Chemist: 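Below are the structure tokens for one structure; questions will follow.
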Amino acid sequence: MDIPTEATLVGVVRRPTSWFRTTVDENYPALGPPADLLDECKQRHEDFKMQGLCDEGAHNAAWDDVEFEKRYQSYLTENVDALKAINELTSRLRDGEHLVLVCFENINQKRCHRTLLKAHLNAQL
């Protein structure tokens with residue numbers, strides 16, 4: 001993916017690591033999936049791997065099993081901090097700023113909340 005040189009790298013990670021903080025220009029933890037959803041999905045991911053699924057398959061199976069998409073979308077529309085962050089990013093996008101959403105997942109292989117967040121932001125524009 002070609003990133004415009006003037007793009008702002010916006011992390012959307014609930015629990016950023018030290019290397020992640022140095023990679024992005026800023027981070028909005030409120031736009032990361034809620035901790036309970038992350039924990040539940042991670043546990044199911046490990047369960048599916050123990051059953052013999054590959055990492056990608058286990059991740060995607062866990063996503064379905066915990067109803068990740070439905071729960072994350074509900075979170076984006078109900079959580080006060082998430083709503084505030086969405087309003088800020090939407091305003092910046094309307095002003096013409098180029099934003100690139102960043103997290104840990106490689107979205108070419110695994111489902112990622114960034115695709116849901118991007119669609120949600122686009123719907124606000």
Side-chain angles (χ1 to χ4, degrees):
M1 166 174 60
D2 293 327
I3 299 173
T5 55
E6 70 279 359
T8 303
L9 300 180
V10 178
V12 288
V13 172
R14 176 131 338 248
R15 302 172 185 148
T17 61
S18 58
W19 68 262
F20 186 83
R21 287 186 192 104
T22 62
T23 303
V24 296
D25 297 310
E26 57 192 89
N27 185 49
Y28 281 79
L31 295 178
D36 63 330
L37 180 56
L38 282 174
D39 293 341
E40 188 177 342
C41 195
K42 183 175 182 169
Q43 181 58 55
R44 293 301 296 142
H45 173 255
E46 291 304 317
D47 294 345
F48 283 121
K49 281 179 60 176
M50 292 295 289
Q51 294 173 20
L53 288 178
C54 68
D55 187 58
E56 176 186 335
H59 173 88
N60 292 336
W63 178 287
D64 291 336
D65 195 58
V66 302
E67 298 183 308
F68 191 99
E69 183 172 344
K70 177 183 172 186
R71 290 170 63 186
Y72 182 65
Q73 287 175 336
S74 291
Y75 168 78
L76 291 177
T77 60
E78 297 169 5
N79 180 276
V80 173
D81 293 330
L83 289 167
K84 180 181 174 190
I86 287 166
N87 287 336
E88 288 177 22
L89 292 182
T90 302
S91 177
R92 292 167 64 180
L93 289 167
R94 284 188 183 124
D95 288 343
E97 188 174 352
H98 295 280
L99 304 176
V100 176
L101 303 176
V102 181
C103 80
F104 299 128
E105 299 298 344
N106 177 345
I107 61 172
N108 293 328
Q109 298 171 359
K110 297 179 181 178
R111 295 183 193 169
C112 179
H113 73 287
R114 285 177 294 157
T115 56
L116 303 174
L117 178 57
K118 179 181 173 186
H120 188 81
L121 288 167
N122 284 333
Q124 307 303 308
L125 297 176

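Computed from heavy atoms alone, side chains included, the values below leave out hydrogens, waters and symmetry copies. Everything numeric in this text was worked out from a predicted model, so none of it was measured.
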Chemist: If you apply the rule side chain to side chain contact (heavy atoms under 4.5 Å, CB included), what do you find for T77 with H120, and how did you get there?
Modeler: CA-CA 9 Å; T77 60; H120 188 81; 3.7 Å; yes

Chemist: Can you tell me if D95 uses its side chain to pair, donor with acceptor, with the backbone of E97 under 3.5 Å?
Modeler: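 It does not hold such a pair.
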
Chemist: About how many Å separate CG of L53 and CD of E46, when rounded to the nearest 0.5 Å?
Modeler: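 Here the rounded value is 12.0 Å.
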
Chemist: Could you see if Y72 belongs to whatever hydrophobic cluster contains V80? Use Ile, Leu, Val, Met, Phe, Trp, Tyr and a side-chain cutoff under 4.5 Å.
Modeler: no

Chemist: Between D39 and R15, is there a salt bridge with N-O shorter than 4.0 Å?
Modeler: yes

Chemist: Minimum heavy-atom separation for R114 and C103, please, with both atom names.
Modeler: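 Heavy atoms only, the tightest pair is NE-SG, 3.2 Å.
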
Chemist: Do Y28 and L101 land in one hydrophobic cluster if side-chain heavy atoms of ILVMFWY residues count as linked below 4.5 Å?
Modeler: yes

Chemist: With rounding to the nearest 0.5 Å, note down the distance linking CG in N60 to NE2 in H45.
Modeler: 8.5 Å

Chemist: Within this structure, what is the CZ-NE2 distance for the pair R71 and H113, rounded to the nearest 0.5 Å?
Modeler: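 NE2 of H113 is found 15.0 Å from CZ of R71.
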
Chemist: What pair of heavy atoms forms the shortest contact from Y75 to A82, and how long is it?
Modeler: CE2-CB, 3.8 Å

Chemist: Taking all atoms of both residues into account, what is the closest heavy-atom pair of A58 and K49, and its distance?
Modeler: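 For A58 versus K49, the nearest heavy atoms are CB-CG, 3.4 Å.
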
Chemist: Which pair of non-hydrogen atoms, one from L38 and one from P33, has the smallest distance, and what is that distance?
Modeler: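 Taking every non-hydrogen atom into account, CD1-O, 3.5 Å.
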
Chemist: For side chain to side chain contact (heavy atoms under 4.5 Å, CB included), just list the numbers for L121 and T90, CA-CA rounded to whole Å, side-chain angles, deciding distance to a tenth of an Å, and then say yes or no.
Modeler: CA-CA 6 Å; L121 288 167; T90 302; 3.6 Å; yes

Chemist: Mind running side chain to side chain contact (heavy atoms under 4.5 Å, CB included) on L89 and L31 for me, showing each step along the way?
Modeler: CA-CA 11 Å; L89 292 182; L31 295 178; 3.4 Å; yes

Chemist: Which pair of heavy atoms, one from K110 and one from H59, lies closest together, and at what distance?
Modeler: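 For K110 versus H59, the nearest heavy atoms are CB-CD2, 3.3 Å.
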
Chemist: Ignoring hydrogens, what is the shortest heavy-atom contact between L83 and L76? Give both atom names and the distance.
Modeler: CD2-O, 3.3 Å

Chemist: Please work out which of the three classes, parallel, tilted or perpendicular, describes the rings of F68 and W63, given edges at 30° and 60°.
Modeler: parallel

Chemist: Do R92 and T8 make a side-chain contact, defined as non-hydrogen atoms from C-beta onward lying under 4.5 Å apart?
Modeler: yes

Chemist: Could you go through R111 and E69, starting from their C-alpha distance and side-chain angles, then the distance that decides it, and tell me whether this counts as salt bridge (charged side-chain N to carboxylate O under 4.0 Å, His left out)?
Modeler: CA-CA 10 Å; R111 295 183 193 169; E69 183 172 344; over 6 Å; no

Chemist: For S91 and N87: C-alpha separation, side-chain torsions, deciding distance, then whether side chain to side chain contact (heavy atoms under 4.5 Å, CB included) applies.
Modeler: CA-CA 6 Å; S91 177; N87 287 336; over 6 Å; no

Chemist: Give, for atom CG of L99 and atom CG of D25, the distance between the pair rounded to the nearest 0.5 Å.
Modeler: 10.0 Å

Chemist: Just checking, is any N or O donor in the side chain of D47 or Q43 under 3.5 Å from an acceptor N or O on the other one?
Modeler: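 Judged by distance alone, the side chains do pair up.
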
Chemist: Between S74 and K70 (side chain of the first, backbone of the second, donor and acceptor by atom type, cut-off under 3.5 Å), is there such a pair?
Modeler: yes

Chemist: Do you reckon V100 sits in the same ILVMFWY cluster as W19, going by side-chain contacts under 4.5 Å, direct or chained?
Modeler: yes

Chemist: Using modelled atom types and a 3.5 Å cut-off, is there a donor and acceptor pairing between side-chain atoms of N27 and backbone atoms of R21?
Modeler: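 Checked: no pair found.
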
